[in-house]
Amino acid sequence: MEVEVLKALAHPTRLQIVKKLSKGTLCVCELNQDIELSQSNLSQHLKILRDANILIQERDGTRINYSIKDKEILEIVKIVEKLVQEEIKRIASQLGGI
């Protein structure tokens, strides 16, 4: 299960979706505002996140709303971002010494 979560979060678009949902529940139409994807492409990314048990889908009339199932996912995202930033700083300092 852990591998599925990490694989799902490894794609930049899916990571962007999770970050948008970190502020709260959004419908597909709201998710699609900043993410320039076709409706079908966005739906595929949302399905991968649901299948990895990262998102919850709820229907509200004609709207389909998504939210993060477990807020600990956001901690994983923060940790990975911190590690990447530290690695970028390390590489930059090495390049500065060349």
Side-chain angles (χ1 to χ4, degrees):
M1 184 59 103
E2 298 88 4
V3 172
E4 293 164 4
V5 169
L6 294 174
K7 284 172 69 174
L9 292 174
H11 193 283
T13 298
R14 292 191 289 269
L15 190 57
Q16 186 180 5
I17 291 168
V18 169
K19 286 181 177 182
K20 282 188 78 164
L21 289 171
S22 69
K23 297 176 177 97
T25 301
L26 295 172
C27 74
V28 173
C29 58
E30 294 166 322
L31 283 169
N32 209 12
Q33 286 176 354
D34 297 337
I35 302 172
E36 296 181 20
L37 296 173
S38 67
Q39 183 70 35
S40 63
N41 199 339
L42 177 60
S43 294
Q44 289 173 352
H45 286 294
L46 291 169
K47 180 181 181 341
I48 291 168
L49 290 167
R50 279 194 332 268
D51 290 349
N53 234 4
I54 295 172
L55 299 185
I56 298 170
Q57 172 186 327
E58 296 175 329
R59 188 172 285 280
D60 180 18
T62 59
R63 292 172 50 119
I64 299 175
N65 297 318
Y66 288 89
S67 59
I68 296 173
K69 182 176 182 178
D70 187 342
K71 298 299 179 188
E72 287 181 344
I73 288 294
L74 300 176
E75 292 302 316
I76 293 170
V77 171
K78 284 180 190 176
I79 290 167
V80 170
E81 286 178 336
K82 182 181 176 192
L83 290 171
V84 169
Q85 288 172 358
E86 289 173 1
E87 185 65 10
I88 290 170
K89 286 179 187 176
R90 185 187 69 74
I91 292 170
S93 70
Q94 286 179 343
L95 292 175
I98 295 176

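Put simply, Val80 and Ile48 are part of two different groups of oily side chains (I, L, V, M, F, W, Y) that touch within less than 4.5 Å, one to the next. No continuous path of hydrophobic side-chain contacts links Leu49 to Ile56 [ILVMFWY only; heavy atoms under 4.5 Å].
Within a 6.0 Å radius of CD in Glu86, other residues, nucleotides and ligands contribute more than 12 heavy atoms. Residue-environment remark: NZ (Lys20) exceeds the threshold of 12 foreign heavy atoms within 6.0 Å. Open room surrounds NZ on Lys82; 12 or fewer heavy atoms of other groups in view lie less than 6.0 Å from it.
Between Leu46 and Leu31 the shortest side-chain heavy-atom distance falls below 4.5 Å. Two residues are said to be in side-chain contact when any heavy atoms from C-beta on lie closer than 4.5 Å; Val5 and Glu2 fail this criterion. In this structure, the side chains of Leu26 and Asn65 stay at 4.5 Å or more apart for every pair of heavy atoms.
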Walk me through it: do Glu58 and Ile64 pass the test side-chain contact (heavy atoms from CB on, under 4.5 Å)?
-> CA-CA 6 Å; Glu58 296 175 329; Ile64 299 175; over 6 Å; no

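Salt bridge Glu87/Arg90: present, at least one basic N to carboxylate O contact under 4.0 Å. With salt bridges taken as basic N to acidic carboxylate O contacts below 4.0 Å, one links Lys19 and Glu81. Ion pairing between a basic and an acidic side chain is recognised when a charged N comes within 4.0 Å of a carboxylate O; Glu30 and Arg63 show such pairing.
A pairwise comparison of heavy atoms in Leu21 and Tyr66 identifies CD2-O, 3.3 Å as the closest pair. Nearest heavy atom pair, residue Ser67 against residue Thr25, reads CB-OG1, 3.3 Å.
Judged by distance alone, the side chain of Arg14 and the main-chain N or O of Ala8 form a donor-acceptor pair under 3.5 Å.
With rounding to the nearest 0.5 Å, the separation of CD1 in Ile17 from CG in Asn32 is 9.0 Å. Summarising the geometry, atom CD belonging to Glu4 is positioned 12.0 Å from atom CG belonging to Leu9; distances are rounded to the nearest 0.5 Å. Atom CD1 of residue Ile88 and atom CD1 of residue Ile91 lie 7.5 Å apart, to the nearest 0.5 angstrom. For the atom pair NZ (Lys69) and CD1 (Ile54), the distance works out to 10.5 Å, reported to the nearest 0.5 Å. One distance of note links OG of Ser43 with CZ of Arg50; it measures 8.0 Å at 0.5 Å rounding. Interatomic distance, Lys78 NZ to Leu83 CG, rounded to the nearest 0.5 Å: 14.0 Å.
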